Amino acid sequence: MYIVHISSELAPVAKVGGLADVVFGLSRELEVRGNDVEIILPKYDCLWYGEIWGLDNSFGDLWVPWFDGSIHCSVYSGMVHGRKCFFIEPHSSDNFFNRNKFYGEHDDIMRFAFFSRAAIEFLLKSGKRPNIIHCHDWQTGLVPVLLWEIYHNLGMQDQRVVYTIHNFQHQGIHGEPVLNATGLGRPDYYFDRNRLGDDNNPDAINLMKGGIVYSSFVTTVSPKHAWEARYSDQGQGLGHTLAVHDGKFGGVLNGVDYDIWNPEISRFLPHHYDVWNLGGKYANKDALRGRLMLRHEYSPIISYVGRLDHQKGLHLVRHALFYALQRGAQFVLLGSSPDPAVNDEFYHLKNHLNENPDVHIELGFNEQLAHLIYAGSDMVVVPSIFEPCGLTQMIGLRYGSVPIVRAVGGLADTVFDRDYADMPYENRNGYVFHNADFDGIESAMDRAIGLWYDFPREFRRLLSNGMAYDYSWNYPAEHYLAIYHHACA
Ligand code: ADP
């Protein structure tokens with residue numbers, strides 16, 4: 001099959017969170033299975049250019065319709081760790097992708113509406129006719145709308161769109177201008193609630209809703225989250241739309257790219273190890289302490305790696321830090337937020353704890369340090385309020401760090417409580433709690449820290465159970481291929 005991903009992120013060159021990992025890992029696995037895969041991205045000024053090979057202007061003269069005129073673009077091609085990518089660079093005073101950041105601009109909706117139109121115009125003009133166009137999140141929700149309403153009549157009637165929702169929190173809510181800009185026009189038609197009209201705001205259209213309504217198949221990133229989105233408030237207002245389109249909606253658990261997230265070969269680890277030989281893990285723990293100036297003593301390290309977003313249960317992350325200290329554990333946090341107020345709050349915490357030899361707070365994005373933290377930790381906490389899939393707990397499992405998670409979304413699909421899960425002991429791999437409050441997280445941390453101190457052999461057994469899990473892309477890629485074939489049938 002010929003598959004084109006249209007995405008706002010790709011690891012490692014444009015990574016904010018899990019979306020970037022998913023587009024890379026899924027593409028790789030699809031290629032391994034003999035499919036042709038290409039990825040279209042914006043040419044951000046803040047791409048990690050050192051990780052792109054052979055960047056070259058491959059389509060110099062793309063004119064993308066925009067409002068009453070058009071914007072001239074160049075399209076660059078390049079390889080990102082073996083993946084064939086196209087980067088769209090508009091030449092206009094809007095400077096859509098020269099903001100030194102990926103998201104968080106006042107005109108984000110216009111920026112990615114332009115990207116959506118440009119990506120599909122590029123497919124048309126370059127003669128590319130993939131079987132499947134795979135789009136992701138609100139940023140590319142307009143692609144299936146444009147395909148069906150405009151490009152269908154221009155020779156792209158055979159293309160099918162699979163649309164994956166990685167996070168229902170951001171849906172791309174906007175007004176009439178985005179319709180005028182992208183050439184869709186006809187507000188009466190698109191504001192209809194059977195099309196893009198937002199269910200909560202009659203004066204708005206919803207790009208993610210457009211993605212759901214117009215795609216051949218819609219997925220979210222875990223079976224449990226598919227259920228939550230459909231039947232609880234976690235669809236964030238899109239539950240009704242999902243109900244209407246129930247027959248083409250399902251959950252596919254994300255995988256982890258074991259070529260990158262692998263303690264046996266990771267280029268970011270000073271010591272390699274596997275489940276049979278954990279010496280390297282403990283050497284990494286020493287290295288982590290050395291690098292972060294934590295004191296060397298007999299105690300577990302508990303860590304949090306992730307975006308600092310309300311979604312992640314930040315009050316519980318904070319509480320986990322203090323509870324860890326109280327229980328004689330060390331705590332490492334690596335995270336960042338686009339919201340200055342949240343960053344300030346954690347800077348304040350960092351300053352407050354600066355002299356404490358048992359805590360390190362690292363604010364920023366650091367892929368290399370993330371690997372060392374996963375490898376050097378004994379446990380990772382993921383106390384999310386909601387979590388569509390979550391990669392950190394799966395990476396933690398692979399690196400032998402026991403996950404302590406709240407039972408939501410993909411966390412509930414991948415972590416099984418050592419003491420309470422209804423399954424054989426050798427399949428249990430972590431600790432799970434339910435209530436998003438201090439008692440909840442303490443109940444799980446208490447058991448984890450207790451096992452580490454009092455029954456170290458049992459703790460190692462639990463950690464080995466986790467390392468034996470296969471959360472690679474192997475099975476999810478098969479699942480996506482089945483969906484692609486279904487969409488094309
Ligand atoms: P989300 O997609 O909600 O951000 P996921 O758990 O699905 O969360 O994916 C998070 C990915 O981003 C993981 O690969 C994690 O290691 C990485 N990550 C998040 N924050 C940081 C950071 N500050 N530095 C390095 N890697 C990070």
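Keep in mind that what you see is a predicted model, and the values were worked out from it rather than measured. One-based numbering, in listed order, for ligands and for the atoms of each.
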Structural part of Y304 in contact with ligand 1, heavy atom criterion under 4.0 angstrom: neither
Do me a favour and list the nearest non-hydrogen protein atom to atom 27 (C) of ligand 1 with residue, atom name and distance? F365 CE1, 3.4 Å
At a 4.0 Å threshold, what atoms of ligand 1 neighbour a non-hydrogen atom of W261? 14 (O)
Heavy-atom proximity to atom 4 (O) of ligand 1 ranks first, among R307, K312, Q393, for R307
Which one holds for K15 and ligand 1: side chain close, backbone close, both close, or neither close, with close meaning a heavy atom under 4.0 Å? side chain
Give a yes or no on whether the ring-centroid distance for W473 and Y258 is below 6.0 angstrom. no
Side-chain heavy atoms of L238 within contact of I212, under 4.5 Å: yes
For Y374, atoms of ligand 1 separated by under 4.0 Å from a heavy atom: 15 (C), 16 (O)
Classify the contact between D21 and ligand 1 as side chain, backbone, both or neither, using a heavy-atom distance cut-off of under 4.0 Å. side chain
Give a yes or no on whether a salt bridge exists between E345 and R318, defined as a side-chain N under 4.0 angstrom from a carboxylate O. yes
Are any of the N/O atoms in L391 less than 3.5 Å from those in ligand 1? yes
With respect to S266, which candidate in H271, H371, Q368, H272 satisfies the side chain to side chain donor-acceptor pair (under 3.5 Å) definition? H371
Under 4.0 Å between a Lys/Arg side-chain N and an Asp/Glu carboxylate O for R461 and E426? no
At a non-hydrogen distance cut-off of under 4.0 Å, which region of I395 contacts ligand 1 (side chain, backbone, both, or neither)? side chain
With a 4.5 Å cut-off on side-chain heavy atoms, are R160 and F217 touching? no
C389 heavy atom under 4.0 Å from ligand 1: no
Mind checking whether H134 and Y480 have parallel, tilted or perpendicular rings, split at 30° and 60°? tilted
Mind checking whether G364 has an N or O less than 3.5 Å away from an N or O of ligand 1? yes
Protein residue, atom and distance nearest to atom 24 (N) of ligand 1, heavy-atom basis: N366 N, 3.0 Å
Out of G18, G306, G335, A11, whose heavy atom is nearest to atom 2 (O) of ligand 1? G18
Using a strict cut-off of less than 4.0 Å between a Lys/Arg side-chain nitrogen and an Asp/Glu carboxylate oxygen, indicate whether R111 and E105 qualify as a salt bridge. no
cation_pi(K43, Y76) dist<6.0 Å, angle<=45: yes
